[in-house]
Amino acid sequence: MAKLKRDTDVKDEMFSRVKRVYGVFILVALCVVVRLVWVSALSPETAYNAKRLERRIFIADSVYSRRGSILARDGEPLATSILRYRVDFDMASDGFDSLALFREQADSLAKLLSKFFGDRSASEYRRRMIEEHEKHYRVVYRKDTTVLRSEGFFARIWDMLRHDEFKTVKLYDTLRDHRPVTILPRPVDYNEWQTLRKYPILNWNLGMTFNLVTLDQRVYPYGELARRTLGLVGDRGNYGIEAIYRDRLEGRNGRMIRQRIAPGFSTVVHSRENIDAEDGMDIITTLDADIQHIADQALRRQLAEQHAIWGTSMVMEVATGDILAIANLGETSERSGVYVEKENYALSRRMEPGSTFKLAAMLALVEDCGMSVDKTYDTHHGRAVRVGGNRGPLIQDSHDIGGEIALKEAVAQSSNVYFAEAVYDHYKDDPERYVKFLRHLRLDRTVGLDEMGEATPLIPEYGTKQWSLHTLPNMGYGYAVELPPIHMLTLYNAVANDGCMVAPRLIREVRRGNHVVERFPTRVLVDRICSDATLDVVRECLEETARTGTAHAYFRDTVTMRVAAKTGTAKVAQSGITYADGYYLGSMVTYFPADEPKYTVMTSIYTRRGRGTTVYGAGLAGPVQRDIVNYIYYRDEEWHQTVEPSEEEHYPAQVKGGNIAEVRRVADKFSPRVSFTDRNGWGTVRMDSLRNVDIRTVEADRTTMPNVVGMGLKDALYLLESRGLRVRSTGEGRVRTQSIRAGERIRAGQTVSITLR
């Protein structure tokens, strides 16, 4: 029994011990579970460390959107964005701590950069990198201190037995300046970066020693063309289309989560936090790049020739009001001869327009007052005359037009006296009526380009301090009122557009890709500025100006279609400058073709007497207008005759004279019948109503003047110079006149002038 009891006690003792062990295990497991719950769910330190670890593993990169483009009407880019990459080196990076390795890699990189960019030698690149590294990474001696020589118990005992327990240590501070350093001479595009990223240091072989910065760089494929209109955003200014449509052009940047997989390497992670970038919208303008180029070149050439201060030239499409070109060029400094787009003169310069304003006066006289086109006034042969009584302004014409003249001649010759007399005569009893009609023409309000910097016109109010005895007569010929050039262009365009005044339009559409987000339709300002009868009178007067008046020198012989035009010259007094200081604004407005107008063109040039050869509107603006009109005319195919296929035979209307054999060869193929007396030699050509060609031989006597009328320049020159004559020629086409009559005696060395047309 004793033995059984002892065995039972032993079993109980073992069971008790096992229970205690199990209890310890359960308690430990419970502690572990509690700790796990605390760490995973309740501890703020865990969440903090998890976020730190996540930031080390996952990187949120910005995905940059591209700024929208500004396009010409045909889709050609006028302003667009290109992504560029800038390399910002961190010269204090840990990867550059080994000086030997850094200098070795810098030497290799310098040679490759010198070969790639070609802007400086490899030694200069290497010197720059070493200098920047020395500036941004420095080890500075601080102090000496005494410390135990060895660590560990037995090592210290051994040092004590040797009486060498302590040692002196020098302490240093490592100063790191992590400000970015630019070594590359310029930002590079994507393809260039694919090459550069394989070079030493740039391939991350020393770690993350630089930061690649993405830049949205604005480029202008056409250079300075319309730059003031296209505009700018940023530190250098905010204006133009770039500033007005900034929100639509900018777009929205995105975000991309990347996971680091090795030093300097990462991969994109598909995450809900990824946000796609949204590129900016495109702005479709009304500008025509080709016409803009011609307007810019013609204006620039004339400004340089006349040494003018500034000028503007605009082209408007009659039916829509689309601005096809708007050039604004100003002198960079006094008489520098260099002109840039520094200010939008077409919109911002509010000035007295001068004689181009006579269109408004003419509309008022004919439409509002019913004045007859045959109404005459005495212009006093260019002498000064007081208009409006003894206290009225002293007004005179720029040249002797004559005495009594009617409306058409007054417009064509731009008579100041006529319009001052006519306006005063018809409105002296009710001046407010004249102002009211000008308001009807919208000359007191902007035309809708306020955001582009359009100045508000100034029309004097009757009965206010702005009004005097001089105001009404002066308003008759373009003084006492101030308008930006865009207003006069809009008014003349209304006449060309059958009396319908449309607002100038610079923006046609806003697009995102091929989808039109917003469309800007043509906006009508005034449905009818006048009746059809008045319109006929006004148009005839403007055509007469281009045919025989002040603009005839630029359109009568150089343009093959009918045009309508008006010139204007205004003495300018602004910002304390008096009229006596000799500043002038010379302008010309033209629309064409006169019978079915399609385009309206205006040029204004601001200058000072003595700078160039003229201060008058015709001489200043005329060459620019002529060049623009000629270019548009020859570019537009619909104005040129085309030969339609038919069974009917067609014969040339003209055949030039010259070498008889060559004339016969051509005439035999294209004329019904050819008659001649000689098969060789030189001859002139006559054609009858049936297009038959009659070749008449030129006198062969070398001592007499031959008849070269009707010949081309090449044949005429050869024939005349073969007889010892010196030839001066003007014009193009066929010879129309010769200074020495045919049959007269000539001598060697004598000069003859021929005119071709």
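Heavy-atom basis, side chains included; hydrogens, waters and symmetry copies ignored.
With respect to Glu540 and Lys408, a salt bridge is recorded, a charged nitrogen being found less than 4.0 Å from a carboxylate O. With respect to the salt-bridge test (charged N to carboxylate O, under 4.0 angstrom), the residues Arg539 and Asp498 qualify. The existence of a salt bridge linking Glu331 and Lys342 is excluded, since no basic side-chain nitrogen approaches an acidic carboxylate oxygen closer than 4.0 Å. A salt bridge between Asp400 and Arg383 is absent, with no side-chain N of the basic residue lying under 4.0 Å from a carboxylate O of the acidic one. Ion pairing between a basic and an acidic side chain is recognised when a charged N comes within 4.0 Å of a carboxylate O; Asp368 and Lys436 show no such pairing. The pair Glu367-Arg528 does not count as a salt bridge, with every side-chain nitrogen at least 4.0 angstrom from each carboxylate oxygen. Between Glu421 and Lys375 no salt bridge is recorded (no basic side-chain N to carboxylate O distance below 4.0 Å). In summary, Glu461 and Arg439 engage in a salt bridge, as defined by a charged side-chain N under 4.0 Å from a carboxylate O.
For the residue pair Thr320/Thr522, the side-chain donor-acceptor check at 3.5 Å is not satisfied. If you check the side chains of Gln306 and Thr613, you find a donor sitting under 3.5 Å from an acceptor. A donor atom on one side chain and an acceptor atom on the other are found under 3.5 Å apart for Tyr583 and Arg608. With 3.5 Å as the limit, one finds a donor-acceptor pair spanning the side chains of Ser414 and Lys566. The closest side-chain donor-acceptor pair between Ser355 and Lys358 falls under 3.5 angstrom.
Other residues, nucleotides and ligands contribute only 12 or fewer heavy atoms inside 6.0 Å of the NZ atom of Lys571.
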Identify each donor-acceptor pair in which a side-chain atom of residues 584-597 lies under 3.5 Å from a protein atom, sequence neighbours left out, and give them as a table.
from	atom 1	to	atom 2	distance (Å)
Tyr584	OH	Arg609	NH2	2.9
Ser587	OG	Ser604	OG	2.9
Thr590	OG1	Gln625	NE2	2.9

Identify every side-chain donor-acceptor pair in residues 450-458 under 3.5 Å, counting partners at least two apart or on other chains, and give the distances.
from	atom 1	to	atom 2	distance (Å)
Asp450	OD1	Thr446	OG1	3.1
Asp450	OD2	Thr446	OG1	3.1
Glu454	OE1	Val447	N	3.3
Glu454	OE1	Gly448	N	3.4
Glu454	OE1	Leu449	N	2.8
Glu454	OE2	Val447	N	2.7

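Residue pairs meeting the ring pair (Phe, Tyr, Trp, His ring centres under 6.0 Å) criterion with at least one member in residues 294-325, sequence neighbours excluded: Trp310-Tyr345, Trp310-Tyr606. Within the structure, the side-chain hydrogen bond (donor to acceptor under 3.5 Å, both in side chains) test picks out no pair touching residues 386-395 (sequence neighbours left out). Sorted by first and then second residue, the ring pair (Phe, Tyr, Trp, His ring centres under 6.0 Å) pairs with a member in residues 358-400 read Tyr377-Tyr418; sequence neighbours excluded.
For the side chain to side chain contact (heavy atoms under 4.5 Å, CB included) with Leu506, the qualifying choice from Asp322, Thr285, Thr286 is Thr286, the only one to do so.
No donor-acceptor distance shorter than 3.5 angstrom exists from the side chain of Asp296 to the backbone of Leu225, with no hydrogens or angles considered.
Residues that satisfy the side chain to side chain contact (heavy atoms under 4.5 Å, CB included) test with Ser468, not counting sequence neighbours, are His470, Thr471.
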